[in-house]
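A short worksheet on the structure shown next.
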Amino acid sequence: MVILSLVLLLLSVQWSWALEDPLLPFSEHLDPEHKVQLKWGFDEIQGTILFELTVSTSGWVGFGFSPKGGMTGADIVIGGVGAKGSYFTDHHAQGNSMPVVDKQQNYKLLSLTESDGKTVIKFQRSISSCDENDLPITDLPMKLIYAYGQTDDITYHSAQRGTKELNLLKYMPRVNPPNSNFFDITMVNFTVPAKQTYYHCKIMKAPTFDHKRHIYRIEPVITNFDLVHHLLLYRCPPSVTEPFEAECYTGVDGECMETVAVWGVGGGAFEFPEVAGLPIGGNVSDFFYRLEVHYNNPNKTAGRVDNSGLRFYYTSELRQHDAAVLMTGLALAPWYAIPPKAKSFLTYGMCDTAYIPKVLETPHDLQVFSVMLHTHLAGRKVRVGHFRGGKQIDLLAVDENYDFEYQEVTNLGKTKTVKLGDKLLVECTYNTEIRNKLTWGGLSTSDEMCLAFLFYYPALSLSACVSFPDVTSLQSAMGATDAGTWLNMMSTKTWNDTSINQYQQTLNRIDQYVWVMNSNNNGSYNKGTFPDLKVIPSAPCMSGSATKSLALPSLLLCLAVQGASF
């Protein structure tokens, strides 16, 4: 009997995992009784949002967006499965009365089923407003309304209605799994130097556990918001066996390069999707970790004490997948220069996943669900192009209005698959119009970076997948015979639109060093060239029609007679 119970439990867990839809990663019950469940996912680049509404009824279902939480001005869809087939129509409400059918039907019905006392409607619409009767979906919390009946006679819903406010595009789940707790990894009474930019590193062990746990939520613990610019936690390779604390990149800390967690100024807490968590304990319990804190102290204030770091919430209830973070983009190394006086200068860093099998024995595809994009003060835009078979298939992530003071890990809206062999091209746009000198790649806030940290599952033992220009090829292409001549050429050049564009084109066409690094700092180094990154236009406003619709006049008649209101 015990064995049978275990088998049934395993099957039920596997079945629940099988039901996970990477296009619908978010889920909330809209009502206290859990009779109305909304699942959704979105693609901001394509400009579309996908919904799946499950309601415990065999009757009609209404769902929509409301300016204030009531009927007036609401954007509504009504659907169900009746005696004559399924029906699904787009409406708008002018008051507490019959919703008016939109002349332009901008919701696309994908499926509509009814069984076992439940109605499931899957539909899609544009994120933006397609006509004056559609409410645009923004990155602010929105009031969602719902109502339903027990039959397909669309009569007054009585108490079977409600309102819930959700931030659909910046959704952050907040779960409280059983057997959960937290631990902190922070600096301890560290006195911040009176320097404009300073990176401090502390290598330590995390709490040890006999069995593996999953971290499901990460929160910043910041004691000096005006000084702490970003935090990074890295896992060290087995070769690092002792604690260490000093200025970053001055000792053994440089060996710890496998990113585990990221926080940037302006960001908040981050929670993992229900199918994945960061592993801690078990077979990774003996590893050391490096906490890196970037202090930005422009006034060079002395004597400030800091205890900043990260808080990790964990549970013994393991999730389906181990999650991980992969650093991609432009490798942080000397000899990369951004010219002054540039209105829009582009840099590129490429991850070629075709080289992952060279550093891992059992590689697999990456299911990417979140990303953090990172540049410094000159950064204006960041885009991550996704290429397969030599063609661009998507933009994995985009920030067209990058803000140095507001950096956070953001959900992609759906899980995107990066197959082995795909290329990811990280493009950063910089503005240096007010600068008179070259801006170099480096750690300082006044230097620059171009990185994209990808959150994905299942975890691989990887630390970085990046690229850097072949400096010898760059010097040769610019007519320099050695590094000294090239440096002098760069520092004395008259930078204007023509010379900036020529330098841009040279950087783009020369060979690039592309490398992949595993968790033990073993790398594969290769040469390659960049593909051309293009803007992928958003999908046009869509239109949808009811499938096997009931007669529209009878539907409106029911609404009019009953004076239906949500």
Let me see the working for Asp322 and Lys212 under salt bridge (Lys or Arg N to Asp or Glu O under 4.0 Å), right down to the final yes or no.
-> CA-CA 10 Å; Asp322 288 347; Lys212 185 169 77 171; 3.1 Å; yes
Evaluate salt bridge (Lys or Arg N to Asp or Glu O under 4.0 Å) for Lys381 paired with Asp399, printing each intermediate quantity in order.
-> CA-CA 6 Å; Lys381 299 179 181 181; Asp399 189 343; over 6 Å; no
Verdict with reasoning, Phe88 to Phe123, per ring pair (Phe, Tyr, Trp, His ring centres under 6.0 Å) | CA-CA 10 Å; Phe88 181 81; Phe123 56 97; 5.5 Å; yes
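Between His374 and Phe453, the angle of the ring planes lies from 30° to 60°, which puts this pair in the tilted group. Aromatic ring orientation, Tyr146 versus Tyr148: parallel (interplanar angle below 30°, classes split at 30° and 60°). Between Phe312 and Phe183, the ring planes are parallel. Angles under 30° get that label, and only those over 60° would be called perpendicular.
Side-chain contact between Phe272 and Leu278 is present, with heavy atoms from C-beta onward closer than 4.5 Å. Taking the side chain as every heavy atom from C-beta outward, His214 and Pro177 never approach each other to under 4.5 Å. Side chains of Ser461 and Leu360 form a contact here, defined as non-hydrogen atoms less than 4.5 Å apart. Side-chain atoms of Gln160 and Gln150, non-hydrogen and from C-beta on, do get closer than 4.5 Å to each other.
Distance alone, capped at 3.5 Å, places no donor-acceptor pair between the Arg319 side chain and the Ile215 backbone. Listed for the Gln392 side chain is a donor-acceptor partner under 3.5 Å among the backbone atoms of Lys534. Using a distance-only test at 3.5 Å, with no hydrogens or angles considered, a donor-acceptor pair links the side chain of Asp43 to the main chain of Ile45.
Residue-environment remark: CG (Asn179) exceeds the threshold of 12 foreign heavy atoms within 6.0 Å.
For the side-chain contact (heavy atoms from CB on, under 4.5 Å) with Asn106, the qualifying choice from Val77, Asp90, Asn133 is Asp90, the only one to do so.
Of the charged side-chain nitrogens involved, none lies within less than 4.0 Å of a carboxylate oxygen, so that Lys39 and Asp21 do not count as a salt-bridged pair. Salt bridge annotation for Lys103-Glu132: absent, with no cationic side-chain nitrogen under 4.0 angstrom from a carboxylate oxygen. By the 4.0 Å N-to-carboxylate-O rule, Lys164 lies close enough to Glu28 to be salt-bridged with it.
Side chain to side chain, Gln320 and Glu274 fail the donor-acceptor criterion of an N or O pair below 3.5 Å. Side chains of Asp75 and His92: no donor on one and acceptor on the other come within 3.5 Å. Looking at Ser370 and Asn411, their side chains do bring a donor and an acceptor atom within 3.5 Å of each other. For Asp152 and Tyr87, the side-chain atoms include at least one donor-acceptor pair closer than 3.5 Å. Tyr402 and Arg380 share no donor-acceptor pair across their side chains, judged by distance under 3.5 Å alone. Side-chain N/O atoms of Thr54 and Gln37 include no donor and acceptor closer than 3.5 Å. A donor-acceptor contact closer than 3.5 angstrom links the side chains of His386 and Asp422.
Aromatic pair Trp40/Phe51: ring centres not closer than 6.0 Å. In this structure, the ring of Phe455 has its center no less than 6.0 angstrom from the ring center of Tyr457. Ring centroid separation for the pair Tyr406 and Phe404 does not come in under the 6.0 Å cut-off. Less than 6.0 angstrom separates the ring centroid of Tyr313 from the ring centroid of Phe182.
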